[in-house]
Amino acid sequence: MKVFLPLNIRIDDKKILFIGGGNIALHKIQTIERYTRNITIVAPEIHDALRGKGFELVCKEYEETDLDGFFLVYAATNSIEVNRRIKSDAAARGIMVNVVDNRELSDFISPAIFKENEMTIAVSSNGQDVKKAVAWRNWIREMLKEWRMR
């Protein structure tokens, strides 16, 4: 079983690559964009909701050289074969990869996050029960709301 160490990593000055431009990528980018706008998306088709946000968009199929110069990579395609290739290519370059919705192939995972001003709460199930992590995060958020209203 994989075990993930919870960390806070500074990414505002780092280059983040998403390979895949559909709904899978959209969901992850909506979380990451709160921390950085330095995002590049490589995909043959890019979701309309990702356009006009200032991200670098590269409309093409994935190639190994797309990884050059990136700090973190999200493999967010709908092809397990392509995601495995991205993981292998990134590992050869020493780049950490999150294979979205596949904890076994991932070097890191993203927790359920609640951020308010300078405070951040992150809840993780070690990638085993995402719905439970989201439920805990939501419960904590509601408890904080109630606490502030007193």
Side-chain angles (χ1 to χ4, degrees), residues 2 4-63 66-87 89-91 93 95-146 148:
K2 283 198 173 194
F4 296 91
L5 173 68
L7 296 171
N8 292 322
I9 299 174
R10 181 178 179 185
I11 63 169
D12 61 321
D13 62 345
K14 303 287 193 263
K15 291 175 62 177
I16 310 297
L17 175 63
F18 278 82
I19 302 167
N23 286 327
I24 296 168
L26 173 63
H27 178 71
K28 286 293 180 186
I29 290 170
Q30 287 172 331
T31 298
I32 303 302
E33 71 180 328
R34 293 184 288 173
Y35 301 91
T36 186
R37 305 296 286 180
N38 199 2
I39 295 171
T40 299
I41 303 166
V42 173
E45 295 179 34
I46 297 176
H47 197 291
D48 287 342
L50 294 170
R51 297 182 180 279
K53 292 183 161 239
F55 305 138
E56 181 178 349
L57 307 178
V58 181
C59 294
K60 68 178 202 61
E61 296 288 340
Y62 165 73
E63 297 174 41
D66 293 330
L67 300 171
D68 293 343
F70 286 92
F71 177 71
L72 292 177
V73 173
Y74 286 83
T77 76
N78 58 5
S79 167
I80 188 64
E81 294 82 19
V82 173
N83 288 345
R84 285 182 191 277
R85 200 173 83 201
I86 294 165
K87 165 66 175 165
D89 294 346
R93 287 173 159 73
I95 302 170
M96 291 183 26
V97 177
N98 174 274
V99 179
V100 178
D101 297 332
N102 189 325
R103 69 186 284 280
E104 292 305 315
L105 288 179
S106 295
D107 297 313
F108 68 96
I109 56 174
S110 297
I113 297 170
F114 170 62
K115 181 168 178 40
E116 185 175 286
N117 301 319
E118 74 282 352
M119 298 303 294
T120 302
I121 295 173
V123 180
S124 176
S125 66
N126 210 33
Q128 293 191 41
D129 191 340
V130 174
K131 289 181 182 179
K132 189 174 195 177
V134 169
W136 279 34
R137 186 253 344 252
N138 293 345
W139 179 81
I140 292 168
R141 181 178 55 211
E142 292 306 312
M143 292 299 105
L144 287 170
K145 280 184 190 176
E146 287 181 24
R148 281 192 301 267

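This structure is a prediction, so every number in the text was calculated from the model and none was measured. For reference, positions follow the sequence shown, starting with 1.
Under the ring pair (Phe, Tyr, Trp, His ring centres under 6.0 Å) rule, F108 has a single partner from Y74, F4, F71, which is Y74.
Residues N98 and D107 have side chains not in contact (no heavy-atom distance under 4.5 Å, counting atoms from C-beta outward). Counting heavy atoms from C-beta on, the side chains of T40 and F55 never come closer than 4.5 Å. No side-chain heavy atom of D66 sits less than 4.5 Å from a side-chain heavy atom of V73. In this structure the side chain of R85 reaches within 4.5 angstrom of the side chain of Y62, judged on heavy atoms. Looking only at side-chain heavy atoms (C-beta outward), K14 and L72 stay at 4.5 Å or farther from each other.
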Report all side-chain donor-acceptor pairs from residues 129-137 shorter than 3.5 Å, counting only partners two or more places apart or in another chain.
| from | atom 1 | to | atom 2 | distance (Å) |
| --- | --- | --- | --- | --- |
| D129 | OD1 | K132 | N | 3.1 |
| R137 | NH1 | I113 | O | 3.2 |

The test is side-chain contact (heavy atoms from CB on, under 4.5 Å); show your working for K15 and I39 and say whether it passes. CA-CA 6 Å; K15 291 175 62 177; I39 295 171; over 6 Å; no
For a side-chain contact (heavy atoms from CB on, under 4.5 Å) check, start with the C-alpha distance between V58 and I41, then their side-chain angles and the critical distance, and finish with the verdict. CA-CA 6 Å; V58 181; I41 303 166; over 6 Å; no
Check the pair N8 / T120 against side-chain contact (heavy atoms from CB on, under 4.5 Å), numbers first and verdict last. CA-CA 10 Å; N8 292 322; T120 302; 5.6 Å; no
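Note that the OG1 atom of T77 and the CD atom of E61 stand 9.5 Å from one another [nearest 0.5 Å]. How far OH of Y35 is from CD1 of I16: 13.0 Å, rounded to the nearest 0.5 Å. The CZ atom of R34 lies 8.0 Å from the NZ atom of K115; values are rounded to the nearest 0.5 Å. Here CG of D13 is found 8.5 Å from CG of N38. Values are rounded to the nearest 0.5 Å. Considering CZ of F18 and CD1 of I32, their distance stands at 5.0 Å, rounded to 0.5 Å. From Q30, atom CD reaches atom CG of L26 across 4.0 Å, with rounding to the nearest 0.5 Å.
Between E116 and R148 there is a salt bridge, since at least one side-chain N of the basic residue sits less than 4.0 Å from a carboxylate O of the acidic one. Salt bridge E33/R37: present, at least one basic N to carboxylate O contact under 4.0 Å. Using a 4.0 Å cut-off between charged nitrogen and carboxylate oxygen, K145 and E142 count as a salt-bridge pair. Salt bridge status for E63 with K60: present, with a side-chain N to carboxylate O gap under 4.0 Å.
The two residues I86 and I19 come nearest to each other via the heavy atoms CD1-CG2, 3.5 Å. Across I46 and C59, no two heavy atoms sit closer than the pair CD1-SG, 3.7 Å. Taking each heavy atom of F114 and L144 in turn, the nearest pair found is CE2-CD1, 3.7 Å. Residue S110 comes nearest to K28 through the heavy atom pair CB-NZ, 3.8 Å, listed as atom of the first residue, atom of the second, then distance. Nearest approach of A76 to N83, heavy atoms of both residues: N-OD1, 4.0 Å. Taking every heavy atom of both residues into account, I109 and S124 meet most closely at CD1-OG, 3.7 Å.
For the 3.5 Å distance criterion, the side chains of T36 and D12 fail to qualify, holding no donor opposite an acceptor.
For CG of D101, the number of neighbouring non-hydrogen atoms (other residues, nucleotides, ligands) closer than 6.0 Å is 12 at most. No more than 12 heavy atoms of other residues, nucleotides or ligands shown are found within 6.0 angstrom of CE on M119.
Looking at N102, its side chain does come within 3.5 Å of a backbone N or O of E104 through a donor-acceptor pair. Here the side chain of S106 pairs a donor or acceptor atom with the backbone of V99 at under 3.5 angstrom.
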